Amino acid sequence: MLDNWIKGLTQNYARYDAESKDHDLRPVAMALSVDAMRQRLESWTQLQSHWSVIGHEGRDGRCHLHLTRKTQLFGFVDDINVEIVPDANGCLVHAESQSRVGKGDFGQNKRNLIELRHGIMG
């Protein structure tokens with residue numbers, strides 16, 4: 001418990017990791033094309049009042065999106081970078097979230113990635 005509290009004060013970054021013990025923080029596998037996944041992600045983002053798509057670019061069959069999420073209480077902005085890559089069964093979504101300010105995020109970046117996962121899985 002103390003370790004989680006200290007981590008919340010000193011860490012301001014989270015990412016999907018295939019080896020994560022937390023299944024909500026593993027890359028997302030979807031039976032969609034890269035372009036269909038990009039469209040789904042952009043559509044979901046437009047419905048969220050605190051999420052925005054800053055831009056996207058595609059190359060070599062992949063797509064990179066830059067998203068932001070603004071916290072409701074203080075309006076802090078977190079940057080979320082999403083990489084959608086083709087996979088044998090569709091696509092794989094990798095993401096990372098980082099706070100723009102501060103040394104600790106009290107777990108917000110992890111929550112951003114979990115919210116993103118639930119949003120795109122519908």
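Only heavy atoms go into these numbers, but all of them, side chains included; no hydrogens, no water, no symmetry mates. Numbers here simply count residues along the sequence, with the first being 1. As the structure is a computational prediction, the values presented were derived from the model and not from experiment.
- A single hydrophobic cluster is not seen to contain both Trp51 and Val77; linkage of ILVMFWY side chains at heavy-atom distances under 4.5 Å, directly or through other members, places them apart.
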Quiz item: Please walk me through it: do Val28 and Leu92 pass side chain to side chain contact (heavy atoms under 4.5 Å, CB included)?
Solution: CA-CA 6 Å; Val28 180; Leu92 202 55; over 6 Å; no
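- The two residues His94 and Pro27 have their closest heavy-atom pair at ND1-CG, 3.6 Å.
- Side chains of Leu32 and Arg40 form a contact here, defined as non-hydrogen atoms less than 4.5 Å apart.
- Glu57 and His66 share no donor-acceptor pair across their side chains, judged by distance under 3.5 Å alone.
- To the nearest 0.5 Å, atom CD of residue Gln11 and atom CD of residue Gln98 are 10.0 Å apart.
- Using a 4.5 Å heavy-atom threshold, the side chains of Asp17 and Arg26 count as separate.
- In the hydrophobic clustering of ILVMFWY residues, with side-chain heavy atoms under 4.5 Å counting as a link, Phe106 and Leu25 come out apart.
- By the 4.5 Å heavy-atom criterion applied to side chains, Val85 and Val34 are not counted as neighbours.
- The CZ atom of Arg111 sits 13.5 Å away from atom CG of Asp24, with the distance rounded to the nearest 0.5 Å.
- Looking at Ser97 and Asp79, their side chains never bring a donor and an acceptor atom within 3.5 Å of each other.
- The two residues Arg38 and Cys63 come nearest to each other via the heavy atoms CD-SG, 3.4 Å.
- Separating the CG atom in Leu116 from the CD1 atom in Ile80 is a distance of 7.5 Å, to the nearest 0.5 Å.
- Results of the side-chain hydrogen bond (donor to acceptor under 3.5 Å, both in side chains) test with Asn112 over Glu115, Lys110, Gln108 single out Gln108 as the only residue that passes.
- Judged by distance alone, the side chains of Tyr16 and Glu96 never bring a donor and an acceptor atom under 3.5 Å apart.
- Side-chain contact check for His56 versus Glu42: some heavy-atom pair is nearer than 4.5 Å.
- With hydrogens and angles ignored, the 3.5 Å screen pairs no side-chain donor or acceptor of Ser99 with any backbone N or O of Val101.
- When hydrophobic clusters are built by joining Ile, Leu, Val, Met, Phe, Trp and Tyr residues whose side-chain heavy atoms come closer than 4.5 Å, directly or via intermediates, Leu67 is not grouped with Phe76.
- Within the 4.5 Å cutoff, side-chain heavy atoms of Asn109 are placed close to those of Asp78.
- Annotation for Arg100 and Thr68: closest pair NH2-CG2, 3.6 Å, computed over non-hydrogen atoms.
- Closest approach of Gly61 and Pro86 over heavy atoms only: O-CD, 3.4 Å.
- To the nearest 0.5 Å, atoms CG (Leu65) and CD1 (Ile54) are separated by 11.0 Å.
- Put simply, the side chain of Gln48 never gets that close to the backbone of His50: no donor and acceptor are under 3.5 Å apart.
- With hydrogens and angles disregarded, a donor-acceptor distance shorter than 3.5 Å links the side chain of Asp87 to the backbone of Asn89.
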